[in-house]
Amino acid sequence: MNEGKAQHEEKHDKDEREEEIFVEIIDLEELALAKKHPCKAKKYRIKIDKEKFTVEKHLMTGKEILALVGKTPDNSYLYMKFADGRREQIQPDHVVEFHRCEVERFETLPKEQREGDAPLISTFPR
């Protein structure tokens, strides 16, 4: 019974420490490239495509992130790119917690291909 109480207290202490850690601003791209884990901050600098934005939220939805670059889920896909090269698609209602994820940057991709654009998916003759 004491073991369960000790585990609960340890988890509680960890949660309190996480809540107490506040730095002024964290650049998520720099942190990811340095292979460091983010913590809570007052502001986060995030990169979307080639543009950097400073946000004062710990979390945002995919739709909110797209809105920063004037795009919507109707016309664009949103992806998180990690320092190891991995990419994950972010749904419009998915919540990204900046202090818990190790994202390097966000990338957008148009949903509809315009004339002259490179194809999004290669097609092979059958």
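Positions are given from 1 along the sequence.
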> At their closest point, which heavy atom of Ala32 faces which heavy atom of Ala83, and how far apart are they?
Replying inline: O-CB, 3.5 Å
>> As an exercise, state the distance from CD of Glu88 to CG of Leu78, rounded to the nearest 0.5 Å.
In response: 11.5 Å
> In the hydrophobic clustering (ILVMFWY, side-chain contacts below 4.5 Å, transitive), which residues join Leu59, or is it alone?
Replying inline: Val95
>> List the residues meeting side-chain contact (heavy atoms from CB on, under 4.5 Å) with Lys52, not counting sequence neighbours, and say none if there are none.
In response: Asp27, Glu29, Arg45, Lys47
>> Among Arg87, Lys81, Lys50, exactly one meets salt bridge (Lys or Arg N to Asp or Glu O under 4.0 Å) together with Glu107. Which residue is that?
In response: Arg87
> Would Val23 and Lys42 satisfy side chain to side chain contact (heavy atoms under 4.5 Å, CB included), going step by step from the backbone distance to the final call?
Replying inline: CA-CA 6 Å; Val23 294; Lys42 293 180 182 177; over 6 Å; no
>> Run the side-chain contact (heavy atoms from CB on, under 4.5 Å) test against Thr72 and tell me which residues pass, sequence neighbours left out.
In response: Asp74, Asn75
>> Just so I know, are the side chains of Thr61 and His94 near enough to count as touching, which here means a heavy-atom distance under 4.5 Å?
In response: no
>> Which residues pass the side-chain contact (heavy atoms from CB on, under 4.5 Å) test with Lys43, not counting sequence neighbours?
In response: Glu24, Ile25, Thr54, Glu56
> Where is the tightest heavy-atom contact between Met60 and Glu64, given as atom of each residue plus distance?
Replying inline: CA-OE1, 3.2 Å
> For Tyr44, which residues count as a ring-ring contact (aromatic ring centres under 6.0 Å, His included) partner, sequence neighbours excluded?
Replying inline: His58, Phe98
> For atom NZ of Lys63, is the number of surrounding heavy atoms from other residues, nucleotides or ligands below 6.0 Å larger than 12?
Replying inline: no
> Are the side chain of Asp84 and the backbone N or O of Arg86 linked by a donor-acceptor pair below 3.5 Å?
Replying inline: yes
>> To the nearest 0.5 Å, what is the distance between CD on Glu97 and NZ on Lys40?
In response: 8.5 Å
> If you round to the nearest 0.5 Å, how far is OH of Tyr79 from CZ of Arg105?
Replying inline: 14.5 Å
> Sequence neighbours excluded, which residues qualify as side-chain contact (heavy atoms from CB on, under 4.5 Å) partners of Ile48?
Replying inline: Ile46, Phe53, Ile65, Leu68, Val69, Phe106, Thr108
>> Minimum heavy-atom separation for Cys101 and Val96, please, with both atom names.
In response: SG-CG1, 3.9 Å
>> Is the shortest side-chain heavy-atom distance between Pro38 and Glu102 below 4.5 Å?
In response: yes
>> Are Leu33 and Glu104 packed together at the side-chain level, in the sense that at least one heavy-atom pair is separated by less than 4.5 angstrom?
In response: yes
> Is there a side-chain contact between Leu109 and Ser76 (heavy atoms, below 4.5 Å)?
Replying inline: no
